[in-house]
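Worksheet for the structure shown next.
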Amino acid sequence: MKVTHVLKVKTNFFWDSLNVIRASILGANDGIISVSGIVLGAAGANLDSKTLLISGLSGMLAGAWISVSTQRDIQEKTMERQLENEDCENCPIKLQKNDILMPFHAAASSFCSFIIGAMIPLLTMILARPEHRVVFTLIAMIASLSINAIVCTHNSEVSTSKTILRNVITGLLTTLVTFILGASV
């Protein structure tokens, strides 16, 4: 039996590796922290399961779009700076026009990873018994942020423990603030 290649994917562009991975990692972190903050804030206000679900889904969709837009804006600004400064010796990364994520590429990586990251605290909050929702959601958030930090620092010189600590502290501070705000309503 002869195997033929139906689809060939071009993988020689810069975005095929570094930027898609970066957008995915940031998208997942954004999803985990944003939706954890939203559902824990709503839980602090003692809202019912249906309201928690709607709040979490709304935050998930809005956050995914913002993540995609921000990624594209950063890349466009980098290109503008390079054009203004032709030798661009101070530019940390030289981008070419084909290196910029097209809306589809940014959407595919950032949106999908944001949704996956956001589903972790959302499903934990919805599926846990009411008396365990907050604790289980915090545990799920800490575990998922830690796993994401381990994955993003694998095969790099970046400190895994510092990345885990930064992710977890950011997540805990965000959710603490939103929970306190929710509880004060």
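Note that the structure is predicted; figures quoted are calculated from it, not measured. The basis for the numbers below is simple: all heavy atoms, side chains too, and nothing from hydrogens, waters or symmetry mates.
Contact between V35 and A118 at its shortest, heavy atoms only, is CG2-CB, 3.4 Å. Closest heavy-atom contact between A149 and N167: CB-ND2, 3.5 Å. G56 and I38 get closest at one heavy-atom pair: N-CG2, 4.1 Å. Heavy atoms only, all atoms of each residue included: G117 and I32 are closest at O-CG1, 3.4 Å. Residues T163 and S159 approach most closely at OG1-O, 2.8 Å, considering heavy atoms.
When the side chain to side chain donor-acceptor pair (under 3.5 Å) test is applied to T160, the partners found at least two apart in sequence or on another chain are T153.
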Going through the checks in order, is the side chain to side chain contact (heavy atoms under 4.5 Å, CB included) test met by M141 and T175? CA-CA 10 Å; M141 179 193 70; T175 55; 3.6 Å; yes
Working for side chain to side chain contact (heavy atoms under 4.5 Å, CB included), residues S55 and V39: CA-CA 7 Å; S55 298; V39 296; 5.6 Å; no
Run the numbers on D48 and T51 for side chain to side chain donor-acceptor pair (under 3.5 Å), then give the verdict. CA-CA 5 Å; D48 60 45; T51 306; 2.8 Å; yes
Apply the test side chain to side chain contact (heavy atoms under 4.5 Å, CB included) to residues I164 and L145: give CA-CA distance (whole Å), side-chain angles for both, the deciding distance (0.1 Å), then the verdict. CA-CA 7 Å; I164 290 171; L145 288 173; over 6 Å; no
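Note: the hydrophobic cluster containing I33 also contains I150 (ILVMFWY, side chain heavy atoms under 4.5 Å, direct or indirect links). I126 and F136 are members of different hydrophobic clusters when ILVMFWY side chains are connected at heavy-atom separations under 4.5 Å. Connection of L122 to L47 is not established within any shared hydrophobic cluster, with ILVMFWY side chains joined at heavy-atom distances below 4.5 Å, either directly or through further cluster members. In the hydrophobic clustering of ILVMFWY residues, with side-chain heavy atoms under 4.5 Å counting as a link, L52 and L57 come out together. Criterion: ILVMFWY side-chain heavy atoms under 4.5 Å apart, direct or through other members. Under it, L123 and L53 are part of a common hydrophobic cluster.
For the residue pair S49 and R133, a side-chain donor N or O sits within less than 3.5 Å of a side-chain acceptor on the partner.
Counting heavy atoms from C-beta outward, F114 and S34 have side chains that approach closer than 4.5 Å. With contacts defined as side-chain heavy-atom distances shorter than 4.5 Å, the pair L172/L138 qualifies. Considering only heavy atoms from C-beta on, T174 stays 4.5 Å or farther from S36 through its side chain.
A distance-only check finds no donor-acceptor pair linking the side chain of T124 to the backbone of T137 [under 3.5 Å]. When atom types are taken as modelled, the side chain of N148 and the backbone of I25 share a donor-acceptor pair closer than 3.5 angstrom.
Considering OG of S113 and CG of N29, their distance stands at 9.0 Å, rounded to 0.5 Å.
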